[in-house]
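One structure is given below, encoded as structure tokens.
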Protein chains: 2
Amino acid sequence: MTASSQEVPTGTKTKILNAAEKLFGQHGFDATSLRDITAEAGVNLAAVNYHFQSKESLIDALIDRRLGPIKQKRLQMLEAAGPAPALEQIVEAFLAPILDHDLPTAVPLIGRVLSNPSLFLERVYKPHLGETVARFSEALEKALPGLSTEERFWRVHFMAGAMTHILALSGVLPLMEGSGGTLDRATLMARMVTFLVAGFRASADSPHILEKC
Amino acid sequence: MTASSQEVPTGTKTKILNAAEKLFGQHGFDATSLRDITAEAGVNLAAVNYHFQSKESLIDALIDRRLGPIKQKRLQMLEAAGPAPALEQIVEAFLAPILDHDLPTAVPLIGRVLSNPSLFLERVYKPHLGETVARFSEALEKALPGLSTEERFWRVHFMAGAMTHILALSGVLPLMEGSGGTLDRATLMARMVTFLVAGFRASADSPHILEKC
DNA sequence: GTCTATAACCGGATAGAC
DNA sequence: GTCTATCCGGTTATAGAC
């Protein structure tokens, strides 16, 4: 690690990361070429392969840059809530570090990363999410002792899905009718917490039976 | 429309659609070449551009093929529930036509389609989903008169997100610990309905206030 | 560390024989 | 309707000058 790896955000490496985050978030990984990225960043094409080794490694670097701090903040908020956090605190600690992201380009990128089935298990969940989910699942077990392990597993993924969808579609949802036009983060957070907390509290022992039509 | 457009599922056109659905679902649109598809289908490369005009049109044909019938089934289930359906019936009518899909390759494809921000608004939502969502939103308004339009809008998208995430990750979620190993559709449906119905019923007039840690 | 130039390859689409 | 052969543009990655 040389002095240049953490310098002010005008270095070539940082410019590449920022441009890549923006374009990957807008158009997806495969639809964005390294040429697009270097043009946006105002740097030379060969700089990508010098600072990162390949396009795939660049993607991993972007994932690291965002999911690393998010993991820290999530666990920190969960710990700050004490040894037996309330359900609302657990859900907030899960959502806030992602939804409250200050950097506007980070949100669509994180949406792409979390909703990409090709990346998810090996390059996102295992290295960056698995431990966090396990910790939150433990906290949920204390807060909701009536839920089975499977029930908890699926509800955590319902929560993750609701959040991920909003992140991924953050660019288009405000354009739709009925949304209220803007995407105010604090209000959105409150709405998600209300919805998800109620979902988690639902009694699981009334498995609804489907009937034909 | 000639006689060949709706023949037994061994025509070249159908073989291409089936192979494309499988590979697009597994690897995504950009990561799958027309050569991959024609190899999988056992047909000639040029057949794709003869039957469909371009790769983009092929994708639209795949979207049509699955989302058309789903729209019909959703509206049919909603109508069958009478003029003032219960909340459970509304949620079931929204989820069942997608989650209960018999064709195993359709589920990952639909997950890719619904979670792709680049396709979503113009090529998925407006042509195939908007009218359905409006009808379901009306039904929800009757079932839950206390909710504001914005609140309903966002909760519908929380529901859509939870469902979409499960579809998109259907290939990997069963591999994770705590899932119970299998993905039994009836049980999953029941779990989602329980969770989402409780979320919809949550009272909205207690907007939770976020505090710093 | 940064650039130019290029290698080596793969993609979608099409022309034209059959 | 189906095939072969090919065009042509774009892709990642690298070699080597500065």
Side-chain angles (χ1 to χ4, degrees), chain A residues 1-63 109 112-113 116 118-119 123, chain B residues 1-63 109 112-113 116 118-119 123:
Chain A
M1 189 187 300
T2 71
S4 67
S5 73
Q6 279 289 359
E7 67 188 5
V8 270
T10 44
T12 298
K13 200 168 176 177
T14 306
K15 283 197 274 189
I16 292 171
L17 284 170
N18 291 342
E21 176 166 280
K22 175 182 171 184
L23 296 179
F24 282 150
Q26 281 178 353
H27 310 296
F29 300 110
D30 296 329
T32 305
S33 68
L34 297 182
R35 282 172 167 80
D36 294 335
I37 292 168
T38 53
E40 169 80 23
V43 305
N44 189 272
L45 173 60
V48 177
N49 284 303
Y50 175 79
H51 287 288
F52 309 89
Q53 290 72 27
S54 64
K55 186 178 181 178
E56 292 301 295
S57 299
L58 170 60
I59 294 174
D60 286 330
L62 285 166
I63 296 174
L109 179 89
R112 296 264 184 191
V113 164
N116 188 322
S118 306
L119 298 179
R123 291 167 66 186
Chain B
M1 186 186 301
T2 70
S4 67
S5 74
Q6 278 289 359
E7 66 187 6
V8 270
T10 43
T12 298
K13 201 169 176 177
T14 306
K15 282 197 274 189
I16 293 170
L17 284 170
N18 291 342
E21 175 165 280
K22 174 182 171 184
L23 296 179
F24 282 150
Q26 282 179 353
H27 310 296
F29 300 111
D30 296 328
T32 305
S33 69
L34 296 183
R35 285 171 169 82
D36 294 335
I37 293 168
T38 52
E40 170 80 23
V43 303
N44 190 272
L45 172 61
V48 176
N49 285 304
Y50 175 79
H51 286 287
F52 310 89
Q53 289 71 28
S54 64
K55 185 179 183 178
E56 291 301 293
S57 299
L58 171 60
I59 293 174
D60 286 329
L62 286 166
I63 295 174
L109 179 89
R112 295 265 184 191
V113 165
N116 188 321
S118 306
L119 299 179
R123 290 167 67 185

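Chain letters run A, B, ... following the sequence lines, proteins first, then strands; residues in each count from 1.
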Using the side-chain heavy atoms of Leu34(B), tell me which of these nucleotides is nearest: dG12(C), dT4(D), dA13(D).
dG12(C)
Quickly work out the Arg35(B) CZ to dA13(C) P distance and round it to whole Å.
11 Å
Per Ala46(A) side chain, nearest of listed nucleotides dC3(C), dT14(C), dA13(C):
dC3(C)
Given dG11(C), dA13(C), dA15(D), which nucleotide is nearest the side-chain atoms of Ser33(B)?
dG11(C)
Does a sphere of radius 6.0 Å around NZ in Lys22(B) hold more than 12 heavy atoms from other residues, nucleotides or ligands, not counting ones at 6.0 Å or beyond?
no
Nearest-angstrom distance from the residue atom CD1 of Ile37(A) to P of dG10(D)
17 Å
Rounded to whole Å, how long is the line connecting atom CG of Asn49(B) with atom P of dG12(C)?
9 Å
Rounded to the nearest Å, what distance is computed from the CG atom of residue Asn44(B) to the P atom of nucleotide dA5(D)?
11 Å
Do Leu62(A) and Leu17(A) have side chains that approach each other closer than 4.5 Å (heavy atoms only, starting at C-beta)?
yes
Nearest-Å distance, CD (Gln53(A)) to P (dT14(D))?
10 Å
Starting from C1' on dT11(D), measure out to CD on Glu56(A) and report it in whole angstrom.
13 Å
Using the side-chain heavy atoms of Thr12(B), tell me which of these nucleotides is nearest: dA13(D), dA15(C), dT2(D).
dT2(D)
Spacing between Lys55(B) atom NZ and dG10(D) atom P, to the nearest angstrom
16 Å
Do Ser33(A) and Asp36(A) pair up side chain to side chain, a donor and an acceptor below 3.5 Å, judged on atom types alone?
yes
Counting only side-chain heavy atoms from C-beta out, which of dT2(C), dA13(D), dT6(D) sits nearest to Tyr50(A)?
dT2(C)
Nearest-Å distance, CG (Asp36(B)) to P (dG11(C))?
6 Å
Would you mind reporting whether Phe29(A) and Leu119(A) have side-chain heavy atoms less than 4.5 Å apart?
yes
